[in-house]
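Numbering starts at 1 and runs along the sequence shown.
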Amino acid sequence: MNKGTVSSAPGKTLARQVLGSNRADAHSECIDLASYRAPDSRFRHIRAGAAKVVEIVAEERPGLVAPHPKRLLSALSVPEPQTRWMIIRTMGFCARANTAIAEKSLPFA
């Protein structure tokens, strides 16, 4: 069984809910969780899951994420590479709406 597929399934479900309607509160929380600095490494799975939600939402509807990329900049320096790459992709999806912030993600690529 592919651990990546299993671990991203809840994120994909939550992203569909955000895209479908009234889960803007969850989306905002995921933006914050993607860059949260926890005192131990156990939080990396939560951070990665939150980044997956943000990435999927940005891919489908970049306008929902575009006002918030500044809040995601600190996620570009988290320890786990998968989270950083999801946030870099998110910045790319939102680049048209917020070029100045998106350009700040390029050195992390």
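Summarising the geometry, atom CZ belonging to R89 is positioned 9.5 Å from atom CD1 belonging to I56; distances are rounded to the nearest 0.5 Å. Annotation: the span from R84 atom CZ to S77 atom OG amounts to 8.5 Å, rounded to 0.5 Å. Annotation: the span from E59 atom CD to M86 atom CE amounts to 12.5 Å, rounded to 0.5 Å. With rounding to the nearest 0.5 angstrom, the CG atom of L106 is 10.0 Å from the CG atom of L76.
Listed here is the closest heavy atom pair of Y36 and R47: O-NH1, 2.6 Å. Considering every non-hydrogen atom in both S105 and I88, the closest pair reads O-CG1, 4.4 Å. Here the closest non-hydrogen pair linking S74 and S35 is OG-CB, 3.0 Å. Closest heavy-atom contact between L72 and A34: CD2-CB, 4.2 Å. Here the shortest heavy-atom pairing between P67 and P69 reads C-CD, 3.3 Å. Of all heavy-atom pairs between N98 and A66, the closest is ND2-O, 3.6 Å.
Linking ILVMFWY side-chain heavy atoms closer than 4.5 Å, directly or via other members, places L73 and W85 in a single hydrophobic cluster. One hydrophobic cluster holds both V65 and F108 under the rule that ILVMFWY side chains link at heavy-atom gaps under 4.5 Å.
For the side chain to side chain contact (heavy atoms under 4.5 Å, CB included) with I101, the lone residue among R71, K70, H68 that qualifies is K70.
A salt bridge does not link R44 to E80: none of the charged side-chain nitrogens sits closer than 4.0 Å to a carboxylate oxygen.
Under the 4.5 Å side-chain criterion, counting only non-hydrogen atoms from C-beta, I87 is not in contact with E55. Here the side chains of M91 and C94 are not in contact, with every heavy-atom distance at 4.5 Å or above.
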